[in-house]
Each structure stands twice: as structure tokens, then as C-alpha cells.
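When reading the values below, keep in mind they use all heavy atoms of this one structure, side chains included, and skip hydrogens, waters and symmetry mates. Numbers restart at 1 for each chain; the letters A, B, ... are given by sequence-line order, proteins then strands.
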4 protein chains.
Amino acid sequence: MEHNDKQVHIIETAEKLFALHGFAGTSIRDISREAGINIAMVSYYFGSKEKLMEAIFHHRITHAWIAAEEMADNNILQPWQKVEELIHSFVEGMSNKSYFHSLILRQQLSNEMSPIASLMDSVRERNTNIIGKIIREGQANGDFKQDVDIPLLLFTMVGTAYQTLHSRESYRKMHNLQHMTDEAFMAEMKRRLKQHIFFCLKQSYHK
Amino acid sequence: MEHNDKQVHIIETAEKLFALHGFAGTSIRDISREAGINIAMVSYYFGSKEKLMEAIFHHRITHAWIAAEEMADNNILQPWQKVEELIHSFVEGMSNKSYFHSLILRQQLSNEMSPIASLMDSVRERNTNIIGKIIREGQANGDFKQDVDIPLLLFTMVGTAYQTLHSRESYRKMHNLQHMTDEAFMAEMKRRLKQHIFFCLKQSYHK
Amino acid sequence: MEHNDKQVHIIETAEKLFALHGFAGTSIRDISREAGINIAMVSYYFGSKEKLMEAIFHHRITHAWIAAEEMADNNILQPWQKVEELIHSFVEGMSNKSYFHSLILRQQLSNEMSPIASLMDSVRERNTNIIGKIIREGQANGDFKQDVDIPLLLFTMVGTAYQTLHSRESYRKMHNLQHMTDEAFMAEMKRRLKQHIFFCLKQSYHK
Amino acid sequence: MEHNDKQVHIIETAEKLFALHGFAGTSIRDISREAGINIAMVSYYFGSKEKLMEAIFHHRITHAWIAAEEMADNNILQPWQKVEELIHSFVEGMSNKSYFHSLILRQQLSNEMSPIASLMDSVRERNTNIIGKIIREGQANGDFKQDVDIPLLLFTMVGTAYQTLHSRESYRKMHNLQHMTDEAFMAEMKRRLKQHIFFCLKQSYHK
DNA sequence: AATGAATGAGTCTTCATTCAT
DNA sequence: GATGAATGAAGACTCATTCAT
């Protein structure tokens with residue numbers, strides 16, 4: 001399950017190309033050309049194109065969301081601070097690993113039964129549980145209403161973030177922010193996005 | 001630009017397969033098998049696989065959103081009613097043409113310059129203008145705050161709806177609604193979804 | 001065997017395209033597009049693409065070379081005048097029906113047994129006989145040497161004319177005749193060509 | 001630019017088939033069947049059918065005509081001996097590489113602009129220069145007339161040789177030489193052909 | 001451990017031809 | 001008599017994968 005440097009290089013190259021052109025739209029030749037490796041390396045290291053895709057998911061998922069779980073169990077932060085922290089880490093995660101999140105979205109669109117699909121299902125379930133734990137804690141201490149629809153809340157967070165990050169150029173144009181540097185613009189957009197999501201959730205379910 | 005019955009049949013079959021498996025992941029052979037037609041028909045009618053994809057978009061987009069434009073100019077409805085109506089028609093549209101909306105999402109993920117991309121850009125621009133018009137009307141009569149971030153508002157609506165409709169089975173399982181018929185469940189989910197989006201927007205930006 | 005106007009139009013269009021791009025390199029679609037007729041017309045009128053090719057040859061050959069035969073039997077002209085006349089009519093024929101002569105050359109390159117090949121063989125035999133008759137007449141009255149190699153003589157005439165007419169632009173450039181009109185240049189080139197061929201033959205075999 | 005044995009085998013097989021049936025009339029399937037190789041090898045080695053055609057020309061042209069250039073600059077031979085030598089090497093070259101010369105002729109018939117066409121143009125120019133050099137040398141020492149039309153002279157040499165070598169069977173039949181072995185016949189025909197061309201040129205332009 | 005050579009299956013597209021009208 | 005619709009076969013080319021080295 002551990003990958004050496006060369007394997008990681010292939011994985012991340014493939015992640016990018018699969019994200020941009022889809023699984024079927026990316027040939028092993030494309031990957032090997034972009035990564036500067038031999039065509040036979042993919043089959044050699046991963047067995048097949050399919051298995052390479054699975055390797056990408058395992059590579060990314062292994063170390064993810066552990067922090068979130070710890071935070072949910074944290075006793076110092078207030079529920080709303082936890083939500084804020086969750087939104088923050090989610091938006092940052094998505095914008096840092098944007099290729100991977102494109103992959104997730106693509107995988108979700110092809111609703112097939114596959115090892116990857118099962119893996120993602122379990123991830124989604126875990127995420128729901130984390131949020132559920134926070135929400136229930138908030139309901140217990142009177143911060144949240146009783147009729148919060150947790151999945152919808154998760155969908156709003158995920159969906160809004162997806163949509164915004166994938167439409168960054170439209171967003172920039174609509175707000176006439178072309179004068180900013182790329183970095184400054186991204187920072188500003190993420191700031192507004194986090195605030196916006198937080199407002200959406202807070203106002204909807206605040207008691 | 002007009003398509004006969006057989007052409008529409010091919011278009012809708014391709015729309016479904018492209019939505020499920022992607023453009024590159026769907027072969028003309030797959031389409032012709034599923035549609036029960038000869039393999040050569042696709043090239044015969046549309047010229048190429050690429051042109052077939054364009055035909056799908058033109059087929060769907062031609063008659064869309066005209067109602068929304070009319071509604072925005074409507075003088076009887078209040079701004080918030082218009083937003084409600086917009087959410088309603090958007091969610092209904094997306095759930096009725098779910099394959100097509102998967103296609104849009106896929107197209108958005110491959111951020112390439114193409115005739116289709118330009119077409120979608122203009123559609124997005126039009127949608128933004130419609131909402132903008134409603135919001136500004138609401139700001140004028142004091143219904144909305146002044147600092148509404150219209151693009152983010154659009155992204156929340158679109159993103160939440162996408163995410164929910166594509167995760168309908170997860171949603172069903174999380175709420176233990178397996179006892180309902182498919183129709184009843186969909187109706188209930190859409191009801192909750194519309195209400196949720198409306199709350200998100202209303203509470204965030206209501207003055 | 002008689003062709004109506006529409007059929008002749010198809011024949012001549014096909015002749016041009018076959019000459020330029022070869023038989024296999026020209027599709028029935030190309031022909032019908034260029035001729036402005038329906039795709040099914042070729043099969044309808046001629047049965048098949050192959051049969052259309054045969055029709056082209058029959059169309060052109062039926063009325064050809066009859067004059068040459070008459071001239072050979074003529075009693076007034078001297079043998080060398082007949083040769084001169086032959087060269088003249090051959091060069092003119094080739095430059096007037098240049099597409100057809102390209103076809104002949106192409107057919108000759110594919111040394112296949114076919115109805116067309118047999119037809120051309122008989123034409124070549126007839127041409128050889130005509131020249132043979134003139135030469136023998138010249139040998140009888142002492143104008144020609146006895147050891148004239150008639151086929152080689154024919155090949156020189158045909159080959160030189162072919163080569164020159166197909167390299168007209170090279171010829172023009174080599175002689176810096178770009179200032180002339182196309183018509184004037186062609187006339188001049190044909191004049192030189194005829195004279196050149198005549199000299200080649202006359203000087204070689206004149207007694 | 002260097003080709004291994006297998007590539008040369010493919011090149012020469014394709015050369016033969018293209019010569020006999022034309023470029024469009026020869027499928028990659030035909031070539032691979034005749035050469036006893038896998039269909040994908042052509043694309044694998046040469047990239048495309050078109051590139052294979054270019055490879056044929058580069059393969060043949062690279063080492064050609066260098067001898068001729070050296071001979072033209074030779075100080076021992078007399079101009080007429082050089083012409084004789086030129087005719088000899090040209091006829092031999094054409095009969096040894098008859099498939100390739102069919103290809104050249106075919107390429108010339110389709111007067112298209114292509115990398116190959118440019119290549120052939122430069123070859124033709126070089127050949128003309130070589131002959132021109134010899135002729136001018138002959139004019140200087142009084143062997144040739146002043147008004148020699150060099151291009152026409154070249155066309156006679158090339159055209160006669162082409163025409164004769166491609167009509168060898170007709171020639172054999174016309175002279176009743178079926179009793180000779182193929183080798184003996186070819187030797188005899190080439191002997192007569194060279195002499196014939198030499199006479200044509202000599203008598204036309206000898207002072 | 002790593003790779004260049006090779007291939008059978010599959011890709012999209014075009015072909016000449018047929019047939020119902 | 002003439003044609004638009006339709007198709008099976010074949011076209012060139014690319015694919016993921018294997019194997020000998």
C-alpha cells in the first residue's frame with residue numbers, strides 16, 4: 001500500500017489528467033508522456049489503468065479527514081466554531097486538492113458499483129457522522145433547532161464549494177477582480193465563500 | 001436545426017450514456033446498440049460524435065429558461081416569491097433533465113474551450129442576469145440586504161441541487177425513507193430541497 | 001451505349017476527378033458533389049463505380065483516332081508529312097483531353113487484366129499499326145532507314161509528350177516564360193514540343 | 001531517419017503495392033498481409049499511411065544521383081560520353097527501381113502540394129542542373145548546338161524510358177521476342193532503349 | 001527492476017450500394 | 001424515372017496490455 005516516489009509521481013500525474021479529461025479520455029500514453037516515464041510502467045507498477053485509478057483514491061484518502069474527526073470530539077470549541085472550522089478545512093482541502101475533488105465528482109456522476117464507489121460511500125458516511133455528532137451536540141446545548149436536515153446541510157456545503165471553486169473564473173469576471181494577483185484573488189474568494197456557507201447554515205438552522 | 005423523431009431518439013440515448021459514462025467512455029457502438037440503430041447512423045445524421053454532443057446541447061437549451069426570463073419581468077410577484085419560483089423551476093428542471101445536467105457538470109469539469117463551452121458560458125451569464133434583476137428589484141424595495149453576493153447565491157442554489165439530486169440514494173438511506181415509493185420519495189425530497197435552498201438564501205440575505 | 005447529357009456530365013466530372021486523385025482516391029460522393037447530382041445516380045445510371053470507369057473509356061475512345069487512320073491511308077501526303085501530322089494531332093489530342101490521358105497513364109501503371117486494359121491494348125495495337133504503315137511506306141520509297149524500331153518510336157512520341165505536358169509548370173519556370181499568358185505559353189510550348197519530337201524521330205531514322 | 005530491417009521490409013512492400021494500385025487503392029491491411037506483419041505495425045513504425053509514403057521517398061532518394069553529380073564534374077569523359085553514361089545510369093536506375101519510378105509518376109499525376117511534391121521538385125531541379133552542366137560544357141567545346149532545349153531533352157529521356165519500361169510486354173510481343181528468357185529479353189530491350197534515346201538526343205542536337 | 005517491441009481488440013468514420021417511395 | 005434514407009463492410013488509427021530481454 002506504500003508508494004515510492006516514482007509511483008507517487010505517476011499517481012499525481014494521472015490524477016490531474018483524469019480530473020481534466022476523464023478516465024476514458026486519458027490514455028496511458030498521455031500519462032506516461034506527461035510524467036516522463038515509460039508506457040509499460042503503469043501496468044508494471046499498478047497492474048492496470050483501473051488499478052491506477054484505485055491507487056489514486058487510496059493515496060488521497062488515507063490521510064484525509066482524520067483532523068476533522070479529532071476536532072468533532074474536541075471539548076473546548078463551541079458547536080458553531082466547529083462548523084466554522086469544518087467549513088474552513090473543507091474549502092481549503094478542496095481548493096488544495098482540486099484535481100482530486102474533480103475526480104470524486106466524476107466518479108459520483110457515473111453511479112456504478114465499483115471498489116472506488118464503495119470506498120467513497122464509506123467516506124461520505126463518515127463525514128455525515130462527523131457533522132451529525134457536531135449538530136447533535138449543538139441541539140443538546142440549545143444552539144441548533146431540532147429539525148435540522150443534516151444531509152442537506154452537508155450537500156449545501158459540498159455543493160456550494162464545488163460549484164464556486166470550479167467557476168472561479170466566472171466569479172472573478174462577474175466581480176471585476178481581474179486586477180488582483182491569482183493568489184490574492186483566491187484568498188479573497190475563499191474568504192467570501194467560507195463566510196457565505198457559514199451564513200447559509202447558521203441562518204437556516206440557528207435557533 | 002430541427003430534428004426528426006429518429007434523431008431525437010439518438011440524441012436522448014446519447015445524452016443518457018454520455019451522462020453516465022462520459023463522452024470518451026461512450027462509444028458510438030454503445031449508443032447505436034442502446035438506441036437500436038445502425039452504427040453508421042450517428043455519423044450519417046450528425047457528422048461526428050463531437051457534433052452529436054453539440055446537437056444534444058442545442059436540443060436541450062433551445063427552449064430552456066425562457067419562462068424564467070418572463071417571470072423575472074413579471075410585475076405581480078414579489079421578489080421573494082420570484083426567488084421561490086426560480087428555485088422551484090430550477091429543481092424541477094434539474095430533476096426532469098437529470099442526464100442533461102450531469103452532462104453540463106461533466107463539461108464544466110473539463111475546462112476546455114469548445115463551441116459547447118461558449119454556449120454554456122452564455123447560458124450562465126443569462127442566468128446570472130435573471131437573478132441579478134430579481135435581487136436588485138428586491139434591494140430597491142428594501143427586501144434584500146445591499147451586500148448580496150449574487151454569484152455565490154447562484155452557486156449555492158445550483159450546487160446544493162446538484163449534490164442532492166445526485167446523492168438521492170444516500171439521502172434516502174440516511175433518512176430511512178426506503179419504505180416510500182420512488183415517486184413519493186422524490187416528491188418529498190424535492191419539497192425539502194426547495195425549502196432548504198429557500199431558507200439558506202432567505203435567512204442569509206433578508207434584511 | 002449512347003449517353004444522354006446528364007450521363008455525359010457525370011462521365012466528364014468523374015474523368016477529371018479520377019485523373020487527379022485516382023480511381024480509389026475518388027469517392028462517388030466526391031463525384032456527385034462536384035457534378036451536382038444525387039449520390040444514387042451513379043449506381044442508377046452506370047451500375048457501379050467500376051462500370052462508370054469503363055463508360056469513361058468508351059466515351060472517349062469511340063470517336064478517337066479515326067482521323068489518324070484515314071490520314072495513314074492518304075495518298076497525297078509524304079511519309080514525313082504524315083509523321084508530322086501524327087505528332088501534331090497526338091500532342092493536340094493529349095493536351096485537349098489531358099484528364100483522359102492521365103487516366104490512361106494511371107491505368108497503364110496498374111498492370112491489371114480488366115476490360116479496360118484489353119480495350120487499351122487494342123488501341124495501342126491499332127496505333128502501332130498506323131505508324132507501322134506509315135514507316136513501311138517511307139521505307140519503301142527510301143525515306144526511312146530499314147532498322148526503325150517502331151515501338152520505341154511510338155514510346156518516344158508518347159512519353160515525351162506526356163512528360164512535357166505534365167511538367168508544363170516546371171518547363172515554364174526553367175525557361176522564364178512567366179510573363180506570357182497561359183494561352184500564349186501553351187501554344188509556344190506545344191510548338192516547341194512538336195518540333196522537338198519531330199527532330200528526334202527524323203534525325204534518328206532519316207536515311 | 002535510419003530504418004531497421006523490418007521497417008525496410010515494410011517500406012519496400014508498400015512501395016510495390018502503392019506502385020501497382022495507388023496510394024488510396026492500397027489499404028494498410030493489404031500491406032501488412034503482403035509483408036506478413038501486424039496491421040498496427042505501420043502506424044507504430046511510421047505514424048500514419050501518409051508518413052509511410054514519405055518514408056518510401058526518403059528511403060529511395062537519399063542515396064540516388066550522387067554518382068551522376070560526380071560524373072558531370074568528371075574531367076576525363078567527353079560530353080557525349082557523359083550523356084551516354086547518364087542515359088545508361090538512368091535506364092538502369094529506372095529498371096532496377098521500377099516500382100519506385102511508378103510511384104514518382106503517380107505522384108506527378110496528382111499535382112498536389114505535399115512534402116513529397118516539394119522533395120521531387122528539388123530532385124527534378126538537381127537533375128536539370130546536372131544535364132545543363134554537361135550540355136553547356138559540350139556547347140563550349142563545340143559538340144552541341146547553341147539552341148538546345150534542355151528540359152525537352154530531359155523529358156524525352158525520362159518519358160521514353162518510362163513508356164518503354166512500362167510497356168515491356170507490348171514491346172516483347174510486337175517484336176516476337178517471347179522465345180528469350182526474361183533476363184535476356186530485358187537486357188536486349190534496355191540495350192536498344194539506351195541506343196534509341198542516345199540517337200534521339202545526338203541527332204537532334206549534334207552540331 | 002525496468003523497458004522497447006509488438007499486438008489484438010477496439011476506436012471513429014467513410015465507403016459503395018440498395019431499397020422503398 | 002429519380003432520390004432520400006439507410007446499412008454492412010471496410011477504411012485508418014489508437015488502445016491497454018504483454019513479453020522477451
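For D/D5, the CG atom counts as loosely surrounded, since its 6.0 Å shell holds 12 or fewer non-hydrogen atoms of other residues, nucleotides or ligands.
Atom CD1 of C/I37 and atom P of F/dG4 are 11 Å apart (whole Å). In this structure, the CD atom of D/E50 is 12 Å from the P atom of F/dA12, given to the nearest Å. One can place CG of D/N38 at 13 Å from C1' of F/dT14, the figure rounded to the nearest angstrom.
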Walk me through it: do D/E112 and C/H21 pass the test side chain to side chain contact (heavy atoms under 4.5 Å, CB included)?
CA-CA 9 Å; D/E112 295 162 340; C/H21 313 115; 3.8 Å; yes
Would D/F57 and D/I104 count as a side chain to side chain contact (heavy atoms under 4.5 Å, CB included) here? Give the steps.
CA-CA 9 Å; D/F57 275 80; D/I104 294 179; 4.2 Å; yes
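Note on D/R60 versus D/E12: salt bridge recorded, some NZ/NE/NH1/NH2 to OD/OE distance being below 4.0 Å.
Contacts of C/F46 with the nucleic acid, taken as non-hydrogen atoms under 4.0 Å apart, are absent. As judged by a 4.0 angstrom heavy-atom cut-off over every strand, A/K51 is placed among residues making no nucleic acid contact.
Listed in residue order, the members of residues 17-36 of chain B having a heavy atom less than 4.0 Å from DNA chain F come to none.
Bounding nucleotides for the chain A contact on DNA chain E, 5' to 3', at a heavy-atom distance below 4.0 Å, are E/dA1 to E/dG4.
With no hydrogens or angles considered, a side-chain donor-acceptor pair links D/S27 and D/D30 at under 3.5 Å. Judged purely by distance below 3.5 Å, without hydrogens or angles, the side chains of A/S98 and A/H166 never pair a donor atom with an acceptor atom. In the model, A/S110 has a side-chain atom that pairs as donor or acceptor with a side-chain atom of B/R106 under 3.5 Å. Judged purely by distance below 3.5 Å, without hydrogens or angles, the side chains of C/Q108 and D/S167 pair a donor atom with an acceptor atom.
Ranked by how close their nearest DNA chain F nucleotide is to the 5' end, B/K6 and D/K49 are led by B/K6. Heavy-atom nearest nucleotides on DNA chain E were determined for A/Y45 and for B/G47, and the one closer to the 5' end corresponds to A/Y45. Nearest-nucleotide assignment on DNA chain E puts the 5′-proximal partner with D/A40, out of D/A40 and C/V42.
No side-chain heavy atom of A/L103 sits less than 4.5 Å from a side-chain heavy atom of A/F23.
In this structure, C/Y44 reaches the F/dG1 phosphate: one of its side-chain N or O atoms is under 4.0 Å from OP1 or OP2.
Under the Watson-Crick and G-U wobble criteria, each requiring two contacts below 3.5 Å, nucleotide F/dT21 is paired to E/dA2.
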